[in-house]
Amino acid sequence: MWVRNAWYVAGWSHELAAGKVIARSIINEPLALYRTQDGTAVAFEDRCCHRFAPLSKGRVEQDDLRCMYHGLKFAPDGRCIEIPGQALIPQSAAVRRYPTAESGSWVWVWMGDAAQADPTLVPPSIALSDPGHRLKAGQMDYEADYQLIDDNLLDLSHLSYAHEKTLGLGSPEWANERPRITRLDRGVRVERWLRNQVRGYVRNETYDMWNAYDFLVPGIFLMRTAWYAPGTADRLQLKPPTEPPVFLRCDEQAVTPTTARTSRYFFATGARSGDIDPQQLERMYGVVAAAFAEDKDIIEAQQIVIDRDPTRRMLPTSFDAGPTQFRRVLEEMVARETQAPQRAMAVAE
Ligand code: FES
Ligand SMILES: [Fe+2]
């Protein structure tokens, strides 16, 4: 199930080097990406309109991309502007161009109706180079439906078990306490207090932690964990804090469906630059990377079991409020997208 009218992360900004063209797949649609001379990211369907050679094997020429099979050249808007040895360029000589945006440290591609591509809908992630933060990034490829990864991120109760030796070490509260979940326009917000927590890989002290994240379509996870002196959660009667934390951890992640059964997972972890030194960040990243390998292991195994008999129904528990609400958001958006063309056809008839 794919929403089309959404910004998908195609890759890190640094992956898209000047003068290079790279191949990506998003919701099973192959793309060729490159930059114009002013740095603007361009995303084309990865198929030359001539004889369907992939444009990702093409060559960047100033602002344009030339197919390196027979040499048709395309402007950044997708129009063919040169056919070697032929003066007349037919109107139909063009490739599909997808809207792009660049924000935080990600290149985003809008996979749906270009007229609806709204740059204000790009989720607000922190750039890796942001001077106010110290972040470290990674990524991994999954042999699984992206929705299983979304589900995982929307239900952090699994930290106490899947990550009992890493992120969830000594922290049964993840599984034992239920977060508050609020519906947003294009996602859900998940918030909770975790009392008396120790994150020894950063600091060997006890804190109350306010853990809050927005999870936005298609799978963008923007989490802040604000650390306070023990007792703060009770003093605030478990209400959201307004006072400044002693430590602010930041986790930014994006899940991109590449095909129906493969996904790419982008992540960065860190904190405000004054809160964490490079060694602490390395240790934190090491724990995060180990935890994400644990997620990949269990989710890919889960996918195999699901595919063995897709008719079997899962058993919902109170853990699943986040995943369930988010799937509802996706379903409603997909329903609106599929009904809109039908309504337009009905009016035309
Ligand atoms: S296939 Fe691209 S120029 Fe022929
Ligand atoms: Fe996890």
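First listed ligand is number 1; within each ligand, the first listed atom is number 1. Numbering of residues begins at 1 and proceeds along the displayed sequence.
- No donor-acceptor distance shorter than 3.5 angstrom exists from the side chain of D64 to the backbone of K73, with no hydrogens or angles considered.
- Judged by the 6.0 Å and 45° rule, R249 forms no cation-pi pair with F247.
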* Could you walk me through whether D251 and T269 pass the side chain to side chain donor-acceptor pair (under 3.5 Å) check? -> CA-CA 5 Å; D251 292 272; T269 191; 2.7 Å; yes
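- Under a 4.0 Å N-O distance rule, the pair D214/R189 qualifies as a salt bridge.
- In this model, a donor atom of one side chain and an acceptor atom of the other lie less than 3.5 Å apart for Q139 and W12.
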* To do: In sequence, state the C-alpha distance, the side-chain angles, and the governing distance for E143 and T262, and then conclude on side-chain contact (heavy atoms from CB on, under 4.5 Å).
  => CA-CA 5 Å; E143 297 280 330; T262 60; 4.1 Å; yes
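- No chain of hydrophobic side-chain contacts below 4.5 Å, direct or via other Ile, Leu, Val, Met, Phe, Trp or Tyr residues, connects V95 to L33.
- Excluding waters, the set of protein N/O/S atoms under 2.8 Å from atom 2 (Fe) of ligand 1 reads C48 SG, C67 SG.
- Taking the centre and axis of the six-membered ring of Y142, the NZ or CZ atom of K296 falls inside the cone set by 45° and 6.0 Å.
- Protein N/O/S atoms found under 2.8 Å from the Fe ion (ligand 2), listed by chain and residue number: H158 NE2, H163 NE2, D295 OD1, D295 OD2.
- Aromatic ring pairs are classed by plane angle as parallel below 30°, tilted from 30° to 60° and perpendicular above 60°; the pair F267 and F292 is perpendicular.
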